[in-house]
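To start, the structure itself, in structure tokens.
Throughout, a chain's letter reflects where its sequence line sits, starting with A, and its residues are numbered from 1.
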Protein chains: 2
Amino acid sequence: MLTIGETAEVLGISAHTLRYYEKERIVLPLRDAGGDRRYDESHISWLKFVIKLKETQMPIAAIQKYASLVREGEHTAEARVKLLAEHKRSIRAQLETLTAADEMLERKIAGYRTLIGSSR
Amino acid sequence: MLTIGETAEVLGISAHTLRYYEKERIVLPLRDAGGDRRYDESHISWLKFVIKLKETQMPIAAIQKYASLVREGEHTAEARVKLLAEHKRSIRAQLETLTAADEMLERKIAGYRTLIGSSR
DNA sequence: ATATTGATTAGAGTTTACTCTAAGTCAAGT
DNA sequence: ACTTGACTTAGAGTAAACTCTAATCAATAT
């Protein structure tokens, strides 16, 4: 059971952000006797998942939606898959955009290098 | 020579955004006799390039930096390559993140589908 | 005993990248 | 002559996602 500081450390995000995620109902940690937040293994792995979604440009609003489906229980499985499948399509689109840009930069950089090389 | 509206149309961005890019010195269009902005082929292809950088998460500040190097002339070629090469590394990192997330979602969705399938 | 450390809260402030508003000019069409 | 539509400006407003502040409290360290 980790404190907010330890959790922030482990995940590489700030305690501020963790409180913000709680305010947005993305993660609901436990509380200890003193009223301090406590994050267990399930919170940590959930947050790691959230961070993966974030890293792949899922907006907070969509993560909130997914989190609320998870809280609602088993019967939302279908809706969850729909949401994740749609995000997966967005990831595929991003992959294509990035691959195209990578190739474009490859060519552009090669062109510049020829230019620089020939001027020395 | 396109007007701001035509340019916006062609590029799929708003005229507002084009004025914003000008304010930020990312693109400096010509002006016609009436004082209206005019974009020629070189502006259009530059903006297409800028949009590619944007789509791959290059911040406006970095695009500004690159644009200023381009305006400074030939002798900044080395600095430009450095900037582009660094962005290329960022694209590679994004590709890895996205690929990992794609696989993770593939597994997660497969798991959910088994769950839903077995409950019907 | 006091000082530091790390936590708490509500709410304000920041950054990025637009996005829009208001007030106005100008050319073309009816 | 009038309306329409596209353009002009400076500057205000917005949305997303944090990020920080101030005041406070509780447990440890010296």
Self-check item: Where chain A begins and ends its contact with DNA chain D, read 5' to 3' at 4.0 Å from heavy atoms
Solution: dA17(D) to dT21(D)

Side chain to side chain donor-acceptor pair (under 3.5 Å) involving [X] - partner list, sequence neighbours excluded:
| X | answer |
| --- | --- |
| S14(B) | T17(B) |
| D32(B) | R38(B) |
| R31(B) | E22(B) |

Quiz item: Considering only heavy atoms, which members of residues 53-65 of chain B lie under 4.0 Å from some atom of DNA chain C?
Solution: K54(B), P59(B), I60(B)

Practice problem: May I ask you to list the residues of residues 20-39 of chain B, by number, that have any heavy atom positioned under 4.0 Å from an atom of DNA chain C? | Solution: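 Close to the strand are Y20(B), Y21(B).
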
Quiz prompt | Gap between atoms CG and C1', on L2(A) and dG6(C) respectively (whole Å) | solution =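 One finds 15 Å between C1' of dG6(C) and CG of L2(A), rounded.
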
Quiz item: Whole-Å distance between dA17(C) C1' and H16(B) NE2?
Solution: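 Computing the H16(B):NE2 to dA17(C):C1' distance gives 14 Å.
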
Self-check item: Donor-acceptor contact present, side-chain S90(B) to main-chain E86(B), <3.5 Å
Solution: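 No, because the side chain of S90(B) does not come within donor-acceptor range (under 3.5 Å) of the backbone of E86(B).
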
Exercise. Please check if the side chain of Q57(A) supplies one atom and the backbone of E55(A) the other of a donor-acceptor pair under 3.5 Å.
Key: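 Here the side-chain-to-backbone pair exists.
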
Quiz item: At their closest point, which heavy atom of W46(A) faces which heavy atom of I26(A), and how far apart are they?
Solution: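 Taking every non-hydrogen atom into account, NE1-O, 2.6 Å.
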
Quiz item: With the 4.5 Å side-chain cut-off for hydrophobic clustering, are L28(A) and V10(A) part of the same group?
Solution: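 No.
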
Exercise. Identify whether NZ of Lys or CZ of Arg in K54(B) sits under 6.0 Å from the centre of the six-membered ring of Y21(B) and within 45° of that ring's axis.
Key: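 Geometry flag: not set, cation outside 6.0 Å or 45°.
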
Quiz item: Which class fits the ring pair F49(A) and Y66(A): parallel under 30°, tilted 30 to 60°, perpendicular over 60°?
Solution: tilted

Quiz item: With sugar-phosphate meaning primed atoms plus P, OP1 and OP2, does S14(A) contact a base, only sugar-phosphate, or nothing at under 4.0 Å between heavy atoms?
Solution: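 If one applies the 4.0 Å heavy-atom cut-off, S14(A) turns out to touch nothing in the nucleic acid.
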
Quiz item: For T76(A), which of E78(A), E74(A), R80(A) qualifies under side-chain hydrogen bond (donor to acceptor under 3.5 Å, both in side chains)?
Solution: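 Single pass found, and it is R80(A).
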
